[in-house]
Amino acid sequence: MEHVDAYCERLGPGLWAEPLNALSNAAFLVAAAWLWWRYRPGPASLRALPVLLALVGLGSLSFHTLATTLTNWFDVGFIAVYVVWYLAVFTHHHLGVPWSRAWWAIPLFLVFAVVTAPLGALVPGGSGIYLAPFTALVVITAVAAARRRPWHDLAAAAAVFAVSVTLRTLDEPLCAAWPTGTHYTWHALNAVVLYLVARQVIRSRRPADRP
């Protein structure tokens, strides 16, 4: 299977060619465990969030150890699933939209992602694929604030996301001066982003949704 060398830290094949990139995925697992233990997500649709958060970490770990085209799909795929699932869950639990209409958040986001893909392609380091999720996060923060729903965790997540994407983008440009690269900081900060958005919707779900 084709080997993928995508980040500064990897200098060759091998399970531990990216030790920091691999080990930093523990941040996703810690965030998922704390989310489950501390906030008791409730409905199955919300319990899926810490499970998907853990899968994001495991998918990324598989890529930063095995570094194949297949594990690259695991890495990107679990993030994509988390994003689209979260948008539907947010629309239902946070904004109070019935499930029959809340699901429309997913195709709407996918269309937006396709439309903005050419613009995202201009961003170096492959970070342009996160243009659509970042924009969506800003939009749902604004919507929540406008509807006087809790939004502070969402705003904090957007700010952290901006920093994490920037550091992800700088991985290759800074490689000569910073041999370990910066991708591991993306993992640590992105775990914070996914934790914050999940915590917001779990903590603020409407009374009718509570056990």
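Quick note: residue numbers are just sequence positions, from 1. What you see is a predicted model; the values in this text were computed from it and never measured.
In the hydrophobic clustering of this structure, Ile129 groups with Val165; members are Ile, Leu, Val, Met, Phe, Trp, Tyr whose side-chain heavy atoms approach within less than 4.5 Å, directly or through other members. Taken together through direct or relayed side-chain contacts under 4.5 Å among Ile, Leu, Val, Met, Phe, Trp and Tyr, Leu55 and Val76 form parts of separate hydrophobic clusters. Note on Ile202: it clusters hydrophobically with Leu52, by side-chain heavy-atom contacts below 4.5 Å among ILVMFWY residues. If you chain together hydrophobic residues whose side chains sit under 4.5 Å apart, Ile79 and Leu61 never meet in one group. Taking hydrophobic clusters as Ile, Leu, Val, Met, Phe, Trp and Tyr residues chained together by side-chain heavy-atom distances below 4.5 Å, Phe28 shares a cluster with Val163.
Side-chain atoms of Phe112 and Leu108, non-hydrogen and from C-beta on, never get closer than 4.5 Å to each other. Using a 4.5 Å heavy-atom threshold, the side chains of Phe90 and Leu154 count as touching. Counting heavy atoms from C-beta on, the side chains of Val89 and Trp99 come closer than 4.5 Å. Using a 4.5 Å heavy-atom threshold, the side chains of Thr141 and Leu137 count as touching. Side-chain contact between Ser45 and His93 is present, with heavy atoms from C-beta onward closer than 4.5 Å. At a threshold of 4.5 Å between non-hydrogen side-chain atoms, the residues Leu15 and Leu66 count as touching. Side-chain contact between Leu95 and Val143 is present, with heavy atoms from C-beta onward closer than 4.5 Å. Using a 4.5 Å heavy-atom cutoff, the side chains of Phe63 and Val4 are in contact.
Across Ala22 and Trp16, no two heavy atoms sit closer than the pair CB-CZ3, 3.8 Å. Across all non-hydrogen atoms, the minimal contact from Pro118 to Val114 is CD-O, 3.6 Å. Considering every non-hydrogen atom in both Thr91 and Ala102, the closest pair reads CG2-CA, 3.8 Å. Taking all atoms of both residues into account, the shortest heavy-atom contact from Ala32 to Ala54 is CB-N, 3.7 Å. Between Pro150 and Ala144, the shortest heavy-atom distance links the atoms O-CB, 3.8 Å. Residues Thr169 and Pro124 approach most closely at CG2-O, 3.4 Å, considering heavy atoms.
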Audit row: Phe74, Thr68, side-chain contact (heavy atoms from CB on, under 4.5 Å) steps and yes/no: CA-CA 10 Å; Phe74 290 155; Thr68 64; over 6 Å; no

List the steps and the verdict of side-chain contact (heavy atoms from CB on, under 4.5 Å) for Thr166 and Leu170. CA-CA 6 Å; Thr166 300; Leu170 292 174; 4.1 Å; yes

Begin with the C-alpha distance, continue with both residues' side-chain angles, and end with the deciding distance and a verdict on side-chain contact (heavy atoms from CB on, under 4.5 Å) for Asn25 and Leu29. CA-CA 7 Å; Asn25 286 296; Leu29 303 181; over 6 Å; no

Evaluate the side-chain contact (heavy atoms from CB on, under 4.5 Å) criterion for residues Ile140 and His94: first the C-alpha distance (whole Å), next the side-chain angles of each, then the deciding distance (0.1 Å), finally the verdict. CA-CA 10 Å; Ile140 66 174; His94 200 75; over 6 Å; no

Apply ring-ring contact (aromatic ring centres under 6.0 Å, His included) to residues His64 and Tyr7 and explain how you reach the verdict. CA-CA 9 Å; His64 290 291; Tyr7 299 106; 5.2 Å; yes

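Counting only residues at least two apart or in different chains, side-chain hydrogen bond (donor to acceptor under 3.5 Å, both in side chains) contacts with residues 29-38 comprise Trp34-Tyr195. The salt bridge (charged side-chain N to carboxylate O under 4.0 Å, His left out) contacts involving residues 75-86 comprise nothing, where partners must be two or more places apart or lie in separate chains.
Hydrophobic side-chain contacts under 4.5 Å tie Val30 to no other Ile, Leu, Val, Met, Phe, Trp or Tyr residue. Grouped by direct or indirect side-chain proximity (heavy atoms under 4.5 Å, Ile/Leu/Val/Met/Phe/Trp/Tyr only), Val115 sits with Val111. In this structure, Leu122 belongs to a hydrophobic cluster whose other members, linked by side-chain heavy atoms under 4.5 Å apart, are Leu119, Leu131.
Of the possible donor and acceptor atoms, one in the side chain of Arg168 sits under 3.5 Å from a partner among the backbone N and O of Gly125. In this structure a side-chain-to-backbone donor-acceptor pair under 3.5 Å is present from Arg149 to Ser204. Asp171 contributes no side-chain N or O that, together with a main-chain N or O of Gly181, makes up a donor-acceptor pair within less than 3.5 Å.
Distance check, rounded to the nearest 0.5 Å: CG of Leu189 to OH of Tyr184 gives 10.5 Å. Taking CZ from Arg47 and CG from Leu35, the interatomic distance works out to 13.0 Å, rounded to the nearest 0.5 Å. Rounding to the nearest 0.5 Å places CZ of Phe109 at 8.5 Å from OG1 of Thr135. Atom CD of Glu18 sits about 4.0 Å away from atom CZ of Arg10, to the nearest 0.5 Å. Of the inter-residue distances, the one linking Arg101 atom CZ with His92 atom NE2 reads 11.5 Å to the nearest 0.5 angstrom. To the nearest 0.5 Å, the span separating CG on Leu11 from CG on Asp5 amounts to 7.5 Å.
Classified by interplanar angle (parallel below 30°, tilted 30° to 60°, perpendicular above 60°), the ring pair His183/Trp186 is tilted.
Partners of Pro173 under the side chain to side chain contact (heavy atoms under 4.5 Å, CB included) rule, at least two apart in sequence or in another chain, do not exist in this structure.
For Trp85 and Trp103, the gap between ring centers is short of 6.0 Å.
Side-chain polar atoms of Thr182 and Thr185 form no donor-acceptor pair below 3.5 angstrom. For Ser60 and His187, the side-chain atoms include at least one donor-acceptor pair closer than 3.5 Å.
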